Amino acid sequence: MSKVKETVEVEVPVRTAYNQWTQFEEFPNFMEGVEEVRQVDDRHNHWTTKIGGVRREFDTEIIDQLPDERIAWRTVSGDTQQKGVVSFQRVDETHTRVELVMDVEPTGLAEKAADLTGTIDRRVKGDMRRFKEYIETRGGESGAWRGRVRPGDA
């Protein structure tokens, strides 16, 4: 399993950065290779990705979510195995540090090659730069979900 970590500082308040990140269906606007994210319910999302010509579909479950602090998830079915957490730290009233840490298990030949060549790491770094540009250009979030998910909630 490969660990990927990237941090960006965005020029928006922590609430704005967090709120935008909860809009999972907008991820294709800044995540390369993500074709669609469909929110099934408050805890589950269905993803369709296409990376290096290989289409994958998988489902994720949010296992811990605390507004303005963190969102943790894991895959629960499909072609991809990963888990991760995105955390939000207030720098000051108008700046937020967003850190993404993911463990990714490459499954097919294309993913294993991408992992060996550092492509996965570069893609995540690019996604985080694009998130920064996306949220700063918007000037505000497109929506929000302020609910809480605790580990062990069913």
Side-chain angles (χ1 to χ4, degrees), residues 1-75 78 80-104 106 111 114-115 117-151:
M1 194 167 271
S2 294
K3 184 176 286 293
V4 179
K5 181 178 176 181
E6 181 63 14
T7 303
V8 295
E9 187 172 301
V10 295
E11 193 175 346
V12 296
V14 67
R15 184 178 181 99
T16 302
Y18 172 86
N19 286 349
Q20 186 60 54
W21 198 277
T22 67
Q23 302 307 292
F24 305 112
E25 293 184 352
E26 292 192 28
F27 281 7
N29 291 320
F30 59 87
M31 289 187 174
E32 185 180 356
V34 176
E35 291 187 338
E36 179 185 36
V37 178
R38 184 172 35 84
Q39 190 160 359
V40 177
D41 59 34
D42 289 346
R43 294 175 54 116
H44 299 92
N45 293 299
H46 180 79
W47 293 66
T48 304
T49 62
K50 188 173 183 182
I51 299 170
V54 177
R55 176 171 274 123
R56 300 277 189 218
E57 292 196 36
F58 57 95
D59 295 307
T60 58
E61 174 185 35
I62 295 171
I63 55 174
D64 185 21
Q65 185 167 351
L66 182 61
D68 300 336
E69 289 190 25
R70 70 182 169 276
I71 302 169
W73 73 93
R74 65 178 174 207
T75 54
T80 300
Q81 293 301 311
Q82 62 172 256
K83 62 182 177 178
V85 63
V86 60
S87 57
F88 305 85
Q89 181 182 11
R90 180 185 184 275
V91 175
D92 60 32
E93 288 184 21
T94 60
H95 294 85
T96 303
R97 186 170 296 113
V98 182
E99 180 180 72
L100 177 66
V101 179
M102 290 177 55
D103 290 319
V104 179
E111 290 87 351
D115 185 38
T117 61
T119 302
I120 294 172
D121 188 61
R122 285 190 303 277
R123 173 154 293 161
V124 169
K125 289 179 185 320
D127 289 347
M128 293 297 283
R129 282 191 310 272
R130 284 185 292 277
F131 175 72
K132 173 182 173 62
E133 183 179 307
Y134 183 74
I135 189 68
E136 289 177 357
T137 301
R138 289 187 62 88
E141 70 267 24
S142 61
W145 189 77
R146 307 289 302 169
R148 170 124 195 232
V149 174
R150 293 178 180 89

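Owing to the predicted nature of the structure, the values given are computational and were not obtained by experimental measurement.
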Colleague: Mind checking whether T94 and D92 have side chains closer than 4.5 Å, heavy atoms only?
Modeller: yes
Colleague: Would a line drawn from the ring center of Y134 to the ring center of F131 be shorter than 6.0 Å?
Modeller: no
Colleague: Going through the checks in order, is the side chain to side chain contact (heavy atoms under 4.5 Å, CB included) test met by Q23 and E141?
Modeller: CA-CA 9 Å; Q23 302 307 292; E141 70 267 24; 6.0 Å; no
Colleague: Of all heavy-atom pairs between S142 and E26, which one has the smallest distance, and what is that distance?
Modeller: OG-OE2, 2.5 Å
Colleague: Rounded to the nearest 0.5 Å, what separation is found between the CG atom of N19 and the CD1 atom of I135?
Modeller: 8.5 Å
Colleague: Less than 4.5 Å apart, side chain to side chain, heavy atoms only: is that true for V14 and Q89?
Modeller: no
Colleague: In the structure I gave you, are the side-chain heavy atoms of P28 and V34 within less than 4.5 Å of one another anywhere?
Modeller: yes
Colleague: Any side-chain to backbone donor/acceptor pair from E57 onto H46? Under 3.5 Å, distance only.
Modeller: no
Colleague: Classify the angle between the aromatic ring planes of W47 and F58 as parallel (below 30°), tilted (30 to 60°) or perpendicular (above 60°).
Modeller: parallel
Colleague: Looking only at side-chain N and O atoms, does Q65 offer a donor or acceptor that is under 3.5 Å from a partner on W73?
Modeller: no
Colleague: Report yes if the side chains of Y18 and V86 come closer than 4.5 Å at any heavy-atom pair, otherwise no.
Modeller: no
Colleague: For V10, does its backbone N or O pair with a side-chain atom of T96 as donor and acceptor, under 3.5 Å?
Modeller: no
Colleague: Please give me the minimum heavy-atom distance between R129 and V8, naming the atom from each residue.
Modeller: N-CG1, 4.2 Å
Colleague: So do the side chains of Q39 and V37 get within less than 4.5 Å of each other, counting heavy atoms only?
Modeller: no
Colleague: For E11, is there any backbone N or O sitting under 3.5 Å from a side-chain donor or acceptor partner on E136?
Modeller: yes
Colleague: Atom CZ of F30 and atom OG1 of T137: how far apart are they, to the nearest 0.5 Å?
Modeller: 12.5 Å
Colleague: Are the side chains of V149 and D42 in touch, meaning some heavy atoms are under 4.5 Å apart?
Modeller: no
Colleague: I want to check something: taking the side chain as every heavy atom from C-beta on, are T7 and M128 in contact at a cut-off of under 4.5 Å?
Modeller: no
Colleague: Return the OG1 to CD distance between T60 and Q82, rounded to the nearest 0.5 Å.
Modeller: 7.5 Å
Colleague: Near E9 CD, under 6.0 Å, is it more than 12 heavy atoms from other residues, nucleotides or ligands?
Modeller: yes
Colleague: Drop me the distance from T80's OG1 to R56's CZ, to the nearest 0.5 angstrom.
Modeller: 6.0 Å
Colleague: Report yes if some heavy atom in the side chain of D59 is under 4.5 Å from a heavy atom in the side chain of E61; otherwise report no.
Modeller: no
Colleague: Which heavy atom of D64 sits nearest to which heavy atom of R150, and what is that distance?
Modeller: OD1-CA, 4.4 Å
Colleague: Counting only N and O atoms by type, is there a donor-acceptor contact under 3.5 Å from the side chain of R74 to the main-chain atoms of K83?
Modeller: no
Colleague: Which atom pair, heavy atoms only, marks the closest approach of V124 to M102?
Modeller: CG2-SD, 4.4 Å
Colleague: State, to 0.1 Å, how close K5 and V101 come at their nearest heavy-atom pair, and which atoms those are.
Modeller: CG-CG2, 3.8 Å
Colleague: Which heavy atom of R97 sits nearest to which heavy atom of V91, and what is that distance?
Modeller: N-CG2, 3.7 Å
Colleague: Is there a donor-acceptor pair under 3.5 Å between the side chain of T49 and the backbone N or O of G33?
Modeller: no
Colleague: Between K125 and D121, is the closest basic N to carboxylate O distance under 4.0 Å?
Modeller: yes
Colleague: If you measure from CZ on F88 to OG1 on T16, what distance do you get to the nearest 0.5 Å?
Modeller: 11.5 Å
Colleague: Out of curiosity, R148 CZ to L66 CG, how far, rounded to the nearest 0.5 Å?
Modeller: 4.5 Å
Colleague: Backbone N or O of E35 within a donor-acceptor pair of the T48 side chain at under 3.5 Å?
Modeller: no
